[in-house]
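In what follows, a structure is listed as structure tokens, so that the remarks can point back to it.
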Amino acid sequence: MELSASFQIYSYGPPARGVDIERLREVYADIPAGYLDMVTQMTDVVLLWNRRGELRVWDPDHVIAMDQAYGVSTRIPGAMPYADNGGGQLLVHGAGAEGLATYLVDAGSLFLDDDAPFVAPDLAALLKTGLGADIVFLSDEVPEDEAGGPEAPR
């Protein structure tokens with residue numbers, strides 16, 4: 001998993017199990033590039049960007065559970081929610097105004113229309129280039145003494 005120097009992994013859990021990844025593949029036809037690379041190394045990843053936080057990338061089971069809880073793929077056919085920014089907004093990979101890509105949607109307004117900002121083509125592009133990070137990471141800067149999370153495998 002390649003990360004821009006602007007990103008910092010704040011916390012993470014163990015790699016996803018093969019059975020969980022297969023279940024995810026059965027449910028979603030379009031999984032964003034970079035997602036499987038990440039979860040085969042670590043799950044429940046919390047990222048900071050320029051010490052601003054946060055982006056919580058869900059493990060495969062959480063993706064399915066959050067989709068069911070919010071009804072994302074019911075309201076946006078074929079879409080896969082896979083992360084949130086802790087501010088009531090979800091990263092959703094689906095067909096929107098810019099085509100198949102990752103968009104930021106409010107949990108209470110699940111539409112990939114003009115109100116859903118394009119973030120990046122996929123998770124890999126977001127993490128490698130920082131494209132769309134200014135849209136996703138809206139919280140205040142995390143103080144230096146609180147920003148030092150664990151060193152993650154690369």
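Numbers for residues simply follow the sequence, beginning at 1.
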Would you mind reporting whether [Y] and [X] have side-chain heavy atoms less than 4.5 Å apart?
X: P15; Y: T40; value: no
X: W58; Y: D84; value: yes
X: L91; Y: L104; value: yes
X: M80; Y: I31; value: yes
X: Q89; Y: V136; value: no
X: H93; Y: L123; value: no
X: L24; Y: V39; value: no
X: E54; Y: Y10; value: no

Quiz item: Can you check side chain to side chain contact (heavy atoms under 4.5 Å, CB included) on I9 and L47, steps first, answer last?
Solution: CA-CA 5 Å; I9 295 175; L47 296 160; 3.5 Å; yes
Quiz item: Between W49 and F7, what is the ring plane arrangement, given parallel below 30°, perpendicular above 60°, and tilted in between?
Solution: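 The rings of W49 and F7 sit tilted, inter-plane angle from 30° to 60°.
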Quiz prompt | Chi angles and distances behind the side chain to side chain contact (heavy atoms under 4.5 Å, CB included) call for I64, Y28 | solution = CA-CA 9 Å; I64 294 169; Y28 302 101; 4.1 Å; yes
Quiz prompt | Neighbour count >12 (heavy atoms, 6.0 Å) for atom CZ, F118 | solution =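 Yes, enclosed.
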